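Below is one structure, written out as structure tokens, with a few remarks after it.
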Amino acid sequence: MALGLESPAPPIKVENWLRGQPLTSFQLGKVYIVEFWATWCAPCVAALSDLVQLQEKYRDSGVEVLGIAAGERAQTAEKARSKLDAWLTEKLPNLNYRVGLDYTREMDELWMDSSFSIGIPTSFVVDRDGHIAFIGSPTQLEEVLPKILTGSWRISDEAKAADAERIAKGERTMPIFAKLTPAMKAQDWAKALSVVEEAVAVLPDDVNFRVLQADLLLHKMRDLQAGLPVMRQLVRDAINKKSAMWMAGALRQIFDPAIDNSHLPQAQRFAMGNELSGHILAINPAQRGEAPKFVSYPAVAQYYYESGNKDRAIELIEVTLKSLDGPAPIPDNLKQEVMSESVQTLANYKGQKACYGSVCATPQPGVSQSTKAQAPEERR
């Protein structure tokens, strides 16, 4: 049986508690948020920071947060513990909940593997009776947790349907990741592509597999004969879905300054860039503040920059920066990361020092030469 809604919570298996008092078992009457994360996981930083606020907000309601570092990459448990301690001191000095190390992966297997949970961060909520009330993304906690506390969530059709869907997807994807992860680590791109194509056949609406398929073909294997049709289909599907996330994922494959795109047919590259950029700006225009700009605008800006429209590229990065102060909630750590990257991009585009608030950057040597290109029709 898969670990899911209504399952008894597995035991706590932690070798070292780096923050807070040790906890060996769940106490009845309390609600626990058990968060699996790792220091190498960029989204985990924002998730852990959000949990500080959740812990403060719901402490009086009997909620306790446990951060479980179950995927640390270190040669020994002691090195993992030292690395974690230094990381927590730097990144989360105001931590107000327990954090434990599971170097042996025993807890990871009992919780993550048993629930078909693949990626981190992943949140588990243990209800007052010691049973699982929720498994999913920490971004859902703000909405779900109040319902769990009132007792309305676990009995709802919405919760049961969501958990059944999560388990069904996990049963399909876990065997895929079991083959994909070692292939990617070994840089066996042909094997990785075979696994990804299998995943796309089963989960055609999973944007991550679709983008990875294009990346493997275009950039890892440089198979343009197979890769360009896959890329064009990804562009069409992204536009048809009217999804900024899909379109940004596609656009980054052909207009990410960190990727060498010199081998791609430039006429096709710029044509796809023009189409994607236009649709992204149509569904998420600069004057609307409710949709986050940092997800898609940097890729659009890069397209304009390489097309020779530097002023438009600068304008879009400036809009991205202003949107960080808008009404849409953005975790502080993620906000700082996006701000630093955007200010650096702004400096590179302008060719001079750029600042936003207290964050400043100077142009990186060689960036303007390596990323600046003209659209084919503008070449002389």
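We number each residue from 1, following the sequence as shown. Treat the numbers as computed from the prediction; the structure is a model and nothing was measured. Atoms considered below: every heavy atom in the structure, side chains included; atoms not considered: hydrogens, waters and symmetry mates.
- Between the side chain of Q364 and the backbone N or O of N348 there is no donor-acceptor pair closer than 3.5 Å.
- A donor-acceptor pair is defined here as one N or O able to donate and one able to accept, closer than 3.5 Å; such a pair exists between the side chain of Q140 and the backbone of S137.
- Pairs passing the side chain to side chain donor-acceptor pair (under 3.5 Å) check and including a residue from residues 143-153, sequence neighbours excluded, read T150-S152.
- Distance alone, capped at 3.5 Å, is enough to place a donor-acceptor pair between the S114 side chain and the E109 backbone.
- N261 contributes a side-chain N or O that, together with a main-chain N or O of I254, makes up a donor-acceptor pair within less than 3.5 Å.
- Using a 4.5 Å cut-off on side-chain heavy atoms (C-beta onward), D85 and R19 make contact.
- Cation-pi contact between R269 and F255: present, with separation from the ring centre below 6.0 Å and deviation from the ring axis of at most 45°.
- Note on residues 186-215: pairs passing salt bridge (Lys or Arg N to Asp or Glu O under 4.0 Å), not counting sequence neighbours, are K169-D206, K179-E198, D205-K241, R210-D237, D215-K220.
- Not a single ring pair (Phe, Tyr, Trp, His ring centres under 6.0 Å) links Y58 to another residue, sequence neighbours left out.
- Using a 30° and 60° split on the angle between ring planes, F270 and Y303 fall in the tilted class, from 30° to 60°.
- Under the 30°/60° scheme for interplanar angles, the aromatic rings of W111 and F26 are found to stand perpendicular.
- With hydrogens and angles ignored, the 3.5 Å screen pairs a side-chain donor or acceptor of Y32 with a backbone N or O of Q27.
- For residues 65-75, the set of pairs meeting the side chain to side chain donor-acceptor pair (under 3.5 Å) definition, not counting sequence neighbours, comprises T39-E72, Q75-K79.
- The closest donor-acceptor contact from the side chain of D129 to the backbone of H131 lies under 3.5 Å.
- Side chains of S277 and R312: a donor-acceptor N/O pair is absent below 3.5 angstrom, by distance only.
- Under the salt bridge (Lys or Arg N to Asp or Glu O under 4.0 Å) criterion, the residue pairs touching residues 251-260 are R222-D260, with sequence neighbours excluded.
- Taking 4.0 Å as the cut-off between side-chain N and carboxylate O, E142 and K57 count as a salt-bridged pair.
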**Message:** Run the ring pair (Phe, Tyr, Trp, His ring centres under 6.0 Å) test on F209 and F177 for me, step by step, so that the C-alpha distance in whole Å, both residues' side-chain angles and the decisive distance to 0.1 Å come before the verdict.
**Reply:** CA-CA 11 Å; F209 286 133; F177 277 100; 5.6 Å; yes

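- Between D108 and K13, no side-chain nitrogen of the basic residue sits less than 4.0 Å from a carboxylate oxygen of the acidic one, so the salt-bridge criterion is not met.
- A distance-only check finds a donor-acceptor pair linking the side chain of R98 to the backbone of Q21 [under 3.5 Å].
- Side-chain atoms of H219 come within 3.5 Å of backbone atoms of Q253 as a donor-acceptor pair (strictly under, hydrogens ignored).
- In the model, Y97 has no side-chain atom that pairs as donor or acceptor with a side-chain atom of E56 under 3.5 Å.
- Looking only at side-chain heavy atoms (C-beta outward), M184 and L212 come within less than 4.5 Å of each other.
- Put simply, the side chain of E35 never gets that close to the backbone of I33: no donor and acceptor are under 3.5 Å apart.
- For W189, the ring pair (Phe, Tyr, Trp, His ring centres under 6.0 Å) criterion is met by no residue, not counting sequence neighbours.
- Ring centers of F36 and F124: under 6.0 Å apart, within the cut-off.
- For the pair D127 (side chain) and I132 (backbone), a donor-acceptor distance under 3.5 Å is absent.
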**Message:** Please determine whether salt bridge (charged side-chain N to carboxylate O under 4.0 Å, His left out) holds for the pair E275 and R236, giving the CA-CA distance in whole Å, both sets of side-chain angles, and the decisive distance to 0.1 Å.
**Reply:** CA-CA 10 Å; E275 190 174 13; R236 285 194 295 270; over 6 Å; no

